[in-house]
Protein chains: 2
Amino acid sequence: MFVRITTDRRPRPDSLSEIGIASGSNPIVSLSESTYRRGTEIYGEKEPARYVYQVTTGAVRSYKLLSDGRRQIGAFHLSGDIFGLENGGFHRFTTEAVVDTTVRLIRRESLEQTANGDAVVARSLLSMTTSNLEHAENHMLLLGRKTSMEKVAAFLLEMDKRLPAVGIMALPMSRRDIADYLGLTLETVSRALSHLHEQGVLEFIGKTQREIVLRDRVRLAEFDLPA
Amino acid sequence: MFVRITTDRRPRPDSLSEIGIASGSNPIVSLSESTYRRGTEIYGEKEPARYVYQVTTGAVRSYKLLSDGRRQIGAFHLSGDIFGLENGGFHRFTTEAVVDTTVRLIRRESLEQTANGDAVVARSLLSMTTSNLEHAENHMLLLGRKTSMEKVAAFLLEMDKRLPAVGIMALPMSRRDIADYLGLTLETVSRALSHLHEQGVLEFIGKTQREIVLRDRVRLAEFDLPA
DNA sequence: CGGGGGCTTGAGGCCACTCAACGATAGTGG
DNA sequence: CCACTATCGTTGAGTGGCCTCAAGCCCCCG
């Protein structure tokens, strides 16, 4: 327990290209794109929030740390997801690229200006914040009251919904990431997955253990619990 | 003797009357008041959200249940707090009065109409949702990664900030409520409090064990962890 | 190719849970 | 007003689920 997680210092984004996009009748929102190598930090907790981000390809984890290194991942952001949207001026999580990742950036101020004049945009900011809140609320139930098997089953079902692939689920994150998302240790996650494998609920495909085929979603769902 | 360390109280969230009345010439949002006996339900999860609520006096718990009865309390709402604000049309928690409680009600639709025409109101809806999100994010860290002592210490410090009393902290909720808020059992909560009592960090006052005086906030804070 | 990180598996330990008993208090009804 | 009961809280004893520590294999990846 209490092992400090070491992370790379944030390097410059590998690429940054300016794009200008006019969104219908709205004024132009300045957009650019940026890529991050796996494991690199995108922004740190308590930094001023200059941008809002949208994942183009790859995956991002956002987390909080305790002073002794214990880590809680609050969410994974996958292709298409928007993250880094803060109402106050500062980020409340640290975010890192889980794998090589490209994101689109939107200047926060330009977004807020747009929201001020455009009720539709303002409403969509609220609805995005509400989605994040809803996810966090469900995750509190998971963290506080579910067993390790239930947590892992719920995680697999969540990823099954959110990852694009049709037959095969390619998890971008490590066992440690999963563990820190679920409030477990990586060994417990590994054992739970092995157990599900023994039961024939899932199959490992590639050489890495991150490619999974769900053989029986019904039985998997039984390892989780209905609300 | 013991010199009381004064700490800043958390500013109250925007009050409903501010919202309703701030919109100047707009129709006043319809307000009414209602009281609930201790232990009674205010609304249930998945019910249509007809009202938004503000606690006048008393305390409210909002929680989710698993099918086998395990309960996770997501938040306590104390005097002045607003709850039941959902962006979608349905409540995501069940709420109950922890003690006899009076609340002010505001029709959801009238609030939303006001928000549509009034950017100030719309912004305050967003900022309330963001506060809820921020609380949930911090609570995920607590639930996933803190030990029982750290959880209980964090709980006491939170209540110390939020409860009005100056010298004595009168907790409205039971040990079981606290446990279900912290992802523990009531016995573990009780043992942690006893331990803090033995250490001289806190004192029990009344006949009930819910009236507590914090003798040493500094040492209490050491039982929790800095971020 | 060589080193290191990722994953699995086993053995053992510990923290929080379970089960239980008990006293105190609040709520209920006669 | 007083039993009567249910609820609340504390404490102890014992268990167990998850954590810790460790070893070994495989696969990247530099």
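Here is how names work: the chains are called A, B, and so on, in the same order as the sequence lines, proteins then strands, and each is numbered from 1. Just so it is clear, the structure is predicted and the values come from calculations on it, not from any experiment.
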* Structure fact -> Residues passing the side chain to side chain contact (heavy atoms under 4.5 Å, CB included) test with A:Ser127, sequence neighbours excluded, are B:Asn87
* Asked: In whole angstroms, how far is the C1' atom of D:dC19 from the CG atom of A:Asp180?
  -> 13 Å
* Structure fact -> A:Gln209 atom CD is separated from C:dG5 atom C1', nearest whole Å, by 14 Å
* Asked: Is A:Leu105 close to A:Glu33 at the side-chain level, that is, under 4.5 Å between some pair of heavy atoms?
  -> no
* **OP1 or OP2 of C:dT9 under 4.0 Å from side-chain N/O of A:Ser190** => no
* To do: Only counting residues at least two apart or in another chain, list the ones meeting ring pair (Phe, Tyr, Trp, His ring centres under 6.0 Å) with B:Phe83.
  => B:Tyr53, B:His77
* Roughly how many Å is it from CG in A:Leu193 to C1' in C:dG6, rounded to a whole number? -> 13 Å
* Who pairs with B:His197 by ring pair (Phe, Tyr, Trp, His ring centres under 6.0 Å), at least two apart in sequence or on another chain? -> B:Phe204
* Take atom CD of A:Glu211 and atom P of C:dG6, then tell me their distance rounded to the nearest Å. => 17 Å
* **DNA chain D-proximal residues of residues 220-227 of chain B, any heavy atom under 4.0 Å** => none
Show every donor-acceptor pair shorter than 3.5 Å between a side-chain atom in residues 171-192 of chain B and any protein atom, with sequence neighbours excluded, or say none if there are none.
unit_1: B:Ser174; atom_1: OG; unit_2: B:Arg176; atom_2: N; d: 3.3
unit_1: B:Ser174; atom_1: OG; unit_2: B:Asp177; atom_2: N; d: 3.1
unit_1: B:Arg175; atom_1: NH2; unit_2: B:Gln209; atom_2: O; d: 2.9
unit_1: B:Asp177; atom_1: OD1; unit_2: B:Arg61; atom_2: NH1; d: 3.4
unit_1: B:Asp177; atom_1: OD1; unit_2: B:Arg71; atom_2: NH2; d: 2.9
unit_1: B:Asp177; atom_1: OD2; unit_2: B:Arg61; atom_2: NH1; d: 2.9
unit_1: B:Asp180; atom_1: OD1; unit_2: A:Arg145; atom_2: NH2; d: 2.7
unit_1: B:Asp180; atom_1: OD2; unit_2: B:Arg71; atom_2: NE; d: 2.6
unit_1: B:Asp180; atom_1: OD2; unit_2: B:Arg71; atom_2: NH2; d: 2.9
unit_1: B:Tyr181; atom_1: OH; unit_2: B:His135; atom_2: NE2; d: 3.0
unit_1: B:Tyr181; atom_1: OH; unit_2: B:Glu158; atom_2: OE1; d: 2.8
unit_1: B:Tyr181; atom_1: OH; unit_2: B:Glu158; atom_2: OE2; d: 3.2
unit_1: B:Thr185; atom_1: OG1; unit_2: B:Thr188; atom_2: N; d: 3.3
unit_1: B:Thr185; atom_1: OG1; unit_2: B:Thr188; atom_2: OG1; d: 3.0

* Structure fact -> In whole angstroms, the gap separating P of C:dT8 from CZ of A:Arg210 amounts to 10 Å
* Distance, rounded to the nearest Å, where B:Arg175 contributes CZ and D:dG9 contributes C1' -> 7 Å
* Sequence neighbours excluded, which residues qualify as side chain to side chain donor-acceptor pair (under 3.5 Å) partners of A:Asp100? -> none
* Taking salt bridge (charged side-chain N to carboxylate O under 4.0 Å, His left out) as the test, write out the residues that go with A:Arg210, two or more places apart. => none
* **Annotated protein contacts, base or backbone, on nucleotides 15-26 of chain C with a non-hydrogen cut-off under 4.0 Å, one of B, S, - each** => -SSBBB----SS
* Structure fact -> A:Leu186 atom CG is separated from D:dA22 atom P, nearest whole Å, by 15 Å
* Structure fact -> Sequence neighbours excluded, the answer for side chain to side chain donor-acceptor pair (under 3.5 Å) partners of B:Tyr51 is B:Arg107
* Asked: Quick one: bend of the helix from C:dC1-D:dG30 to C:dG30-D:dC1 from 5 pairs per end, to 10°?
  -> 50°
* **Qualifying residues under side chain to side chain donor-acceptor pair (under 3.5 Å), relative to A:Asp216, sequence neighbours excluded** => A:Arg219
* Go through the structure and list residues passing side chain to side chain donor-acceptor pair (under 3.5 Å) with A:Asn132, not counting sequence neighbours. => none
* To do: Check the distance between D:dG17's P and A:Leu182's CG and give it to me in whole angstrom.
  => 19 Å
* Between the side chains of B:His91 and B:Glu86, is a donor N or O closer than 3.5 angstrom to an acceptor N or O? -> yes
* Asked: Should A:Ser174 be listed as having a side-chain N or O under 4.0 Å from OP1 or OP2 of C:dG5?
  -> no
